[in-house]
Amino acid sequence: MAKIKVKFMNRTTSFSLGALLIYLGIGVLFLLIFWQFSYLMIGKSLDDEDLIAHGDDKFTRTAVNNAERGDITDRDGNVLASDMEAYRVALIIDDEYPNHVANVEEVASLLNEVLDIDEEEVTERIEKGMEDERFQVELGRAGRDISYNEKQALEAAQQDEDLEVSGLYFVSETKRFYPNGNFASHLVGFAEQDEESGELSGQMGLERAYDEELAGEAGSTGYTQDIWGYIVPNTQNEVKAPEDGADIQLTIDSNIQLYLEDSLDTMEDHFEPEELFAVVADAESGEILGYGQRPSFNPRTREGFGNSWLNMLYQYSFEPGSTFKVFSLAAAIDAGEYDPNATFESGAFDVGGHTIYDWEPEGWGNITYNEGMQYSSNALMMILQDRVGQERMLQYYKDFGFGTSTESEFPGEVSGVIAWDEELQRKTTSFGQTSTVTPIQMIQGMTAILNDGQMKKPYVIDSITDPNTDEVLYQGGESVVREVISPEAAQKTQEEINTFVGGSMDRNPQYQLEEYEVAGKSGTAQVIDPDGGGYMDGPYEFLTSFIGYAPEEDPEVIIYYGIKLASKNKADTWDYGVMHGFNPLMERTLKYLEVGGGSGDSKAETVVVEDYTGAPVDDLLPEKETIRKVVVGEGSEVADHYPKNDTLLPYDTFFIKTDGEATMPDLTGLSKREAIIFGEFTDVTVNIEGEGYVSGQSLEAGRLMEAGHEIDLTLKSMDPND
């Protein structure tokens, strides 16, 4: 290869041309590398891609710190809905993994024992997973929401060397807990975990309506991981703390709600109706103290899901029937068109060629207006509408809140319809047909009659509070919607309503209580035929209801109770109305609130019951006058009792077994529910006949009673005509 001679400082040096080219190439390469590094260091990008961002994406991670969903509580702070830790179980079936399912039968048997999962289902899931060469399988809903105690039991079995249980893997997750089960379910609603985000999301009721407030805001923690996925020490930064969701306190009283649910169960068992509802409200403030309906559901077990998603209190409109007459009456009194001693001819009324009859087509002859109201005469209501004037009467109905939303805390509230286009519609509206209402509107309207004409807005949310700052975000409270009628008219209307139960005509005596004067109006409304239009015409195809208040002279509680289309004991809806549910609910509520007890606004408190086994019988709850003790046996020490490590509601019954021979106690006065509890507690078969409260028993008090013995109990209603 040619050489190049270079003379430098009188010294001649020879270079190979090839070597020179190599040196020059290396130099250029280093210059390019240097330039590239300099460019990357200064520009921090390559091919328009931000290298820092690329590195962050590859090695920087963000962990979500979930916020705790807010609690929903009753008026006294008792939890109705709250977050709790739960677990999900998975089964590792990859035999290359050390802890995998080795004995399928043993694992299936354990899961059946602890979680009540069908063994065949577990086996099929495992075998199918093995066929698909999956790493693990899960067990659907049955394998979720596992409690801490259930998790411990499964882990203990897996660690037991005598058992061939392996492959169980647990994942911690948050679930929504509803401690009371079927308890104001359509008001509270429910929330469940979103499959994608893993966060709890409200699905209905307050849980959905206030999902944003309850959910809070999740936090986060940023960190850097290496190429193996491990966290690089001291790289956890950008920590944003979660903000827990707001707490919602309701006006619901848990004790009254329990009474209400108990009464609904009794009614459902007796009538098996299509629909059933009950609402308890404070007559003075409009606070909702309790609400329930059937069909309902248990958010804890998911039993009953899908039977009805409708919140009947706010979203159910129906023709109310004669309970609506109290508002037509109030309008006529306020307009000066009602004289209780004036007379009219009952029986029928002609409307444009159509004859509309009273429920007793022949009527009751020429009677007074007050007697017509006691008989619930349709003809009288149409006469009063003509006297008041149709346009003025329409304005009264609007002022009472019908045809418009109550602007409650629940979105999706329906407004009902005042049917007023045709003469026939206007006339039938006067006695509660054709036009539609909601239960919350009926409660709201009744507050005007009981508060000197001042209509109170019903409400169920007492407050919404930020637990992070204790700031009250929303404060519910008593508020006046408007003055509907004058105080004088309200007082006169109440005086008339006070004659509708057990008045001079002895109407609706079944709603009378021994210790309280109850007033109110019953209603029997025809029901629209969903198939053929018009009204259903079968026997007892009605919506039967009663809106009542007590005490009569100074109302403190309003209860609106309704039942639609009973499928069993249908005739009882005509003979007794909703007495079987209304009466015990009203009586227990008034006693619980100590109405008429001379203790002001105080309430009877619940009684904490511990484990008293072995204690002297005479020392148990001696000072609790609101609790009845039923003692089985004549011994001096407690052998067993019910309930245990629990609480008793005021006027509940405490069952005690002594260490002596079992003798039959006097069960007179026990409710049907308590009679069933007695049978289960004493291990005897209880045969119940009738409804209401125990009035007779086949085994006399004091007689020996053996396990397995059959006892017949006769129950009697509170109807004085029975």
Side-chain angles (χ1 to χ4, degrees), residues 72 74-75 184 186-188 205-206 209-210 213 248-253 256-257 260 277-293 311-317 320 323-324 326-327 330-331 334 395-418 435-465 472-487 489-490 493-494 520 547-549 555-560 589 601:
I72 299 177
D74 74 352
R75 65 189 302 113
H186 282 80
L187 276 182
V188 176
L206 287 166
Y210 293 87
E213 290 83 356
I248 298 180
Q249 186 169 30
L250 307 184
T251 59
I252 297 293
D253 188 301
I256 294 175
Q257 184 67 36
L260 186 148
F277 67 83
V279 53
V280 182
D282 185 297
E284 183 177 343
S285 66
E287 290 176 283
I288 304 301
L289 303 177
Y291 172 72
Q293 66 185 68
N311 182 334
M312 294 177 68
L313 182 60
Y314 298 95
Q315 298 173 323
Y316 178 56
S317 62
T323 52
F324 192 76
V326 298
F327 305 109
D334 189 68
Q395 190 57 51
Y396 273 116
Y397 291 151
K398 289 181 178 179
D399 288 345
F400 271 113
F402 299 108
T404 58
S405 166
T406 65
E407 298 181 357
S408 70
E409 304 98 335
F410 282 85
E413 178 184 351
V414 299
S415 59
V417 176
I418 303 176
S435 293
T436 60
V437 304
T438 63
I440 199 67
Q441 288 175 336
M442 295 289 286
I443 290 291
Q444 177 177 261
M446 185 58 76
T447 63
I449 295 173
L450 302 182
N451 288 282
D452 295 326
Q454 302 288 322
M455 188 165 72
K456 305 297 179 70
K457 179 179 178 179
Y459 65 103
V460 73
I461 296 181
D462 181 72
S463 65
I464 301 178
T465 306
V472 178
L473 306 176
Y474 170 82
Q475 182 65 63
E478 180 180 340
S479 62
V480 176
V481 180
R482 68 180 71 89
E483 182 177 292
V484 181
I485 54 178
S486 69
T493 303
Q494 191 175 328
I547 187 164
Y549 55 84
E556 294 195 29
V557 175
I558 303 171
I559 294 179
Y560 186 34
T589 297
D601 296 329

_How long is the straight-line distance from OG1 of Thr404 back to CD1 of Ile418, given to the nearest 0.5 Å?_
7.5 Å
*For residues Val326 and Ile449, report the shortest heavy-atom separation together with the two atoms involved.*
O-CD1, 4.0 Å
*Would Thr406 and Glu413 count as having a side-chain donor-acceptor pair, cut-off 3.5 Å?*
yes
*Any chance you could measure Leu206, atom CG, to Ile72, atom CD1, to the nearest 0.5 Å?*
5.5 Å
*State the CE-CD distance between Met312 and Gln293, to the nearest 0.5 angstrom.*
5.5 Å
_Where Ser405 and Ser415 come nearest, the two heavy atoms and their spacing_ = N-CB, 3.7 Å
_Greater than 12 external heavy atoms within 6.0 Å of Gln475's CD_ = yes
*asked:* Once you measure the plane-to-plane angle for Phe402 and Phe327, does it fall in the parallel (<30°), tilted (30-60°) or perpendicular (>60°) bin?
replied: perpendicular
*Using side chain to side chain contact (heavy atoms under 4.5 Å, CB included) as the criterion, point out the one residue from Val460, Leu313, Val414 that pairs with Ile440.*
Leu313
*Pairing residues for Glu287 by the salt bridge (charged side-chain N to carboxylate O under 4.0 Å, His left out) criterion, not counting sequence neighbours*: Arg75
*Please indicate whether Glu213 has more than 12 foreign heavy atoms, meaning atoms of other residues, nucleotides or ligands, lying under 6.0 Å from its CD.*
yes
*What closest approach, in Å, do Asn451 and Ala283 show between heavy atoms, and which atom pair accounts for it?*
ND2-O, 2.8 Å
*If you take all heavy atoms of Pro458 and Gln444, which pair is closest and at what distance?*
CD-OE1, 3.5 Å
*With Tyr210, which residues qualify under side chain to side chain donor-acceptor pair (under 3.5 Å), at least two apart?*
none
*Work out which heavy atom in Ala490 is nearest to a heavy atom in Gly453; give both atom names and the distance.*
CB-N, 3.4 Å
*Mind checking the CE-CD1 spacing from Met442 to Ile558? Nearest 0.5 Å is all I need.*
11.0 Å
*Check: Thr436 side chain, Val417 main-chain N or O, donor-acceptor pair, under 3.5 Å*: yes
*I would like to know whether Leu250 and Ile461 meet side-chain contact (heavy atoms from CB on, under 4.5 Å); could you show each step before the answer?*
CA-CA 4 Å; Leu250 307 184; Ile461 296 181; 4.2 Å; yes
*Considering all heavy atoms of both residues, which atom of Pro411 and which atom of Glu409 are nearest to each other, and what is their separation?*
CD-O, 3.7 Å
*Set of residues satisfying side chain to side chain donor-acceptor pair (under 3.5 Å) with respect to Asp74, sequence neighbours excluded*: Asn78, Ser254
*Side-chain heavy atoms of Ile485 within contact of Tyr396, under 4.5 Å*: yes
*Side-chain contact test, heavy atoms from C-beta onward, threshold under 4.5 Å: evaluate it for Lys457 versus Glu407 and give yes or no.*
yes
*CE on Met446 to CD1 on Ile559, rounded to 0.5 Å*: 12.5 Å
*Criterion ring-ring contact (aromatic ring centres under 6.0 Å, His included) against Tyr314, the qualifying member of Phe277, Phe410, Tyr291*: Phe410
*asked:* Would you compute the distance between atom OH of Tyr459 and atom OG of Ser408 and round it to the nearest 0.5 angstrom?
replied: 14.0 Å
*side chain to side chain contact (heavy atoms under 4.5 Å, CB included) with Ala448: which residues, sequence neighbours excluded?*
Phe400, Met455, Val484
*side chain to side chain donor-acceptor pair (under 3.5 Å) partners for Tyr549, two or more places apart*: Asn498
*Are Gln494 and Leu450 side-chain neighbours, meaning at least one heavy-atom pair lies under 4.5 Å?*
yes
*Under the salt bridge (charged side-chain N to carboxylate O under 4.0 Å, His left out) test, which residues partner Glu478, sequence neighbours left out?*
Lys456
